[in-house]
There are 2 protein chains.
Amino acid sequence: MKPTEKADIKYTNQRVEILTFLREHQGHPTVDEVYDGVRKKLTRISKATVYKNLKFLTEKGLLEEVNVKGVSRFEANFIPHHHLICRECGKMEDFNSEQLLDYSMKIAEEIEGFTIVSTSTNFYGICKKCRECKKET
Amino acid sequence: MKPTEKADIKYTNQRVEILTFLREHQGHPTVDEVYDGVRKKLTRISKATVYKNLKFLTEKGLLEEVNVKGVSRFEANFIPHHHLICRECGKMEDFNSEQLLDYSMKIAEEIEGFTIVSTSTNFYGICKKCRECKKET
DNA sequence: TTATTAAATAATAATAAATATCATTTAGTA
DNA sequence: TACTAAATGATATTTATTATTATTTAATAA
């Protein structure tokens, strides 16, 4: 297993598959989507295992939990980045802008009472698909 | 009731108290915190009513739902702003920077596939209180 | 390679969070 | 003041998440 994660944990099949799935599906899957995806390879995996591992791997810093419209989603992308979020359907995409990260961190230096270590900007709007659906109605 | 919200809804005591509470408590309260707060004035309010109204008022655009560490929180501040988030305790504070909003929106113009209407930057770090607690250990 | 052991899993039970139901009450309007 | 659609409170139901436990497994060392 890639030693990107040198975390001191047991690399069970279940964990490896969950991590692999999330690396191959950058669309911020939900618990159920992870479960369904991983089940294609490990047909006998328990949903409790998925829950426990998503929580565990997040605590260990191998995953990040995000939330759109009250729904938990997970991602394995640790390169600092931003998010494009559709207010209609909840779709979430990664978006890169080194420029914006730098700008934000410069502003962060002036903040008192908090020691800021990272930033991420959410861009809210409507995705192409939803915009086209709305036109048709 | 302030006509800031010209939304076409019934202004029941319950709704007014929930909105008032959230305007007076900008610390992004959870469902339970809203329930406990509002109950001081409306001792007979049902928790289901709090749930239903937080959802309803969010759909109507009078509230915004945010989420820290898997916990839903609500706010009534509609002036575009950013968030300072403590990775230790989950504390969340508003932070204003017109500058950063402008910069982000300029970047948003270049994004394809999404029509962006607003942005908000999250600043992650550690709050004063948590930093001091860590020192002591 | 095999034995050992702490930790992880699967299956299921238990909790907690959120929503639905429905008889009663109420805000907004005539 | 009366009317009515909508909201409420109380509770049941559903869904999401966590805990329990017997069994299995990954990592280590013999």
Side-chain angles (χ1 to χ4, degrees), chain A residues 1-22 28-74 90, chain B residues 1-22 28-74 90:
Chain A
M1 316 313 91
K2 285 201 243 154
T4 312
E5 60 266 10
K6 53 204 169 205
D8 181 29
I9 66 171
K10 269 197 188 180
Y11 281 95
T12 60
N13 289 340
Q14 291 83 344
R15 284 180 185 164
V16 171
E17 287 305 328
I18 288 171
L19 288 168
T20 303
F21 179 82
L22 280 163
H28 309 82
T30 62
V31 175
D32 284 353
E33 285 164 359
V34 172
Y35 177 57
D36 290 340
V38 170
R39 214 155 34 137
K40 284 176 189 158
K41 291 215 170 177
L42 296 174
T43 52
R44 303 190 55 73
I45 194 172
S46 161
K47 196 164 203 176
T49 300
V50 175
Y51 267 104
K52 258 181 294 186
N53 278 323
L54 288 174
K55 194 181 167 73
F56 175 85
L57 295 169
T58 300
E59 280 164 3
K60 286 290 176 183
L62 299 184
L63 295 180
E64 196 126 346
E65 186 175 358
V66 291
N67 195 291
V68 191
K69 290 173 154 236
V71 180
S72 274
R73 295 170 174 274
F74 294 85
Chain B
M1 317 308 97
K2 284 202 245 151
T4 312
E5 61 265 10
K6 53 202 169 208
D8 181 28
I9 66 170
K10 269 196 187 181
Y11 281 96
T12 61
N13 288 339
Q14 291 83 343
R15 285 181 184 163
V16 171
E17 286 306 327
I18 288 171
L19 287 168
T20 302
F21 179 81
L22 281 162
H28 308 82
T30 62
V31 175
D32 284 353
E33 285 164 358
V34 173
Y35 177 57
D36 289 340
V38 169
R39 213 153 39 133
K40 283 177 191 160
K41 291 214 170 178
L42 295 173
T43 52
R44 304 189 53 71
I45 193 171
S46 161
K47 197 167 201 175
T49 299
V50 174
Y51 267 106
K52 259 181 294 185
N53 277 323
L54 288 174
K55 194 180 167 73
F56 175 85
L57 294 169
T58 299
E59 280 164 3
K60 287 291 175 181
L62 299 185
L63 296 179
E64 196 126 347
E65 186 174 359
V66 291
N67 196 291
V68 190
K69 289 172 153 236
V71 181
S72 274
R73 294 170 174 275
F74 294 85

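Order of the sequence lines fixes the chain letters, A, B, ..., with proteins taken first and strands second; residue numbering starts at 1 for each chain.
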Side-chain heavy-atom pair [X], [Y] within 4.5 angstrom cut-off:
X       : Y       : answer
A:Thr12 : A:Thr49 : no
A:Phe56 : A:Leu62 : no
A:Leu63 : A:Asn53 : no
A:Glu33 : A:Asp36 : no
B:Leu22 : B:Leu54 : yes

* To do: For B:Glu65, enumerate each residue passing the side chain to side chain contact (heavy atoms under 4.5 Å, CB included) test, keeping only those at least two apart in sequence or located in another chain.
  => B:Thr58, B:Ser72, B:Phe74
* **Listed partners of A:Tyr51 passing side chain to side chain contact (heavy atoms under 4.5 Å, CB included), at least two apart** => A:Val31, A:Lys47
Provide, to the nearest angstrom, the distance between the [atom1] atom belonging to [X] and the [atom2] atom belonging to [N].
X       : N      : atom1 : atom2 : answer
B:Asn13 : C:dT25 : CG    : C1'   : 12 Å
A:Tyr35 : C:dT9  : OH    : P     : 14 Å
B:Glu59 : C:dA18 : CD    : C1'   : 13 Å

* To do: Any chance you could measure A:Leu57, atom CG, to A:Ile9, atom CD1, to the nearest 0.5 Å?
  => 5.5 Å
* Quantify the bending of the helix from C:dT1-D:dA30 to C:dA30-D:dT1 as the angle between its end axes, each fitted on five pairs, to 10°. =>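 Result, rounded to 10 degrees: 50°.
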Check nucleotides 10-17 of chain D against the protein and report each pair of N or O atoms closer than 3.5 Å, with its distance, or say if there are none.
unit_1: D:dA10; atom_1: OP1; unit_2: B:Arg44; atom_2: NH2; d: 2.6
unit_1: D:dT17; atom_1: OP2; unit_2: A:Tyr51; atom_2: OH; d: 2.5

* **Set of residues satisfying salt bridge (Lys or Arg N to Asp or Glu O under 4.0 Å) with respect to B:Glu64, sequence neighbours excluded** =>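 Only A:Arg87 meet the salt bridge (Lys or Arg N to Asp or Glu O under 4.0 Å) criterion with B:Glu64.
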* **Donor-acceptor pair, side chain of A:Arg15 and main chain of A:Lys10, under 3.5 angstrom** =>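 Yes, the answer is positive, given that a donor and an acceptor are paired below the 3.5 Å cut-off.
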Report each atom pair, protein N/O against N/O of nucleotides 5-7 of chain D, whose distance is under 3.5 angstrom.
unit_1: D:dA6; atom_1: N3; unit_2: B:Lys10; atom_2: NZ; d: 3.4
unit_1: D:dA7; atom_1: OP1; unit_2: B:Arg15; atom_2: NH1; d: 3.1
unit_1: D:dA7; atom_1: OP1; unit_2: B:Arg15; atom_2: NH2; d: 3.2

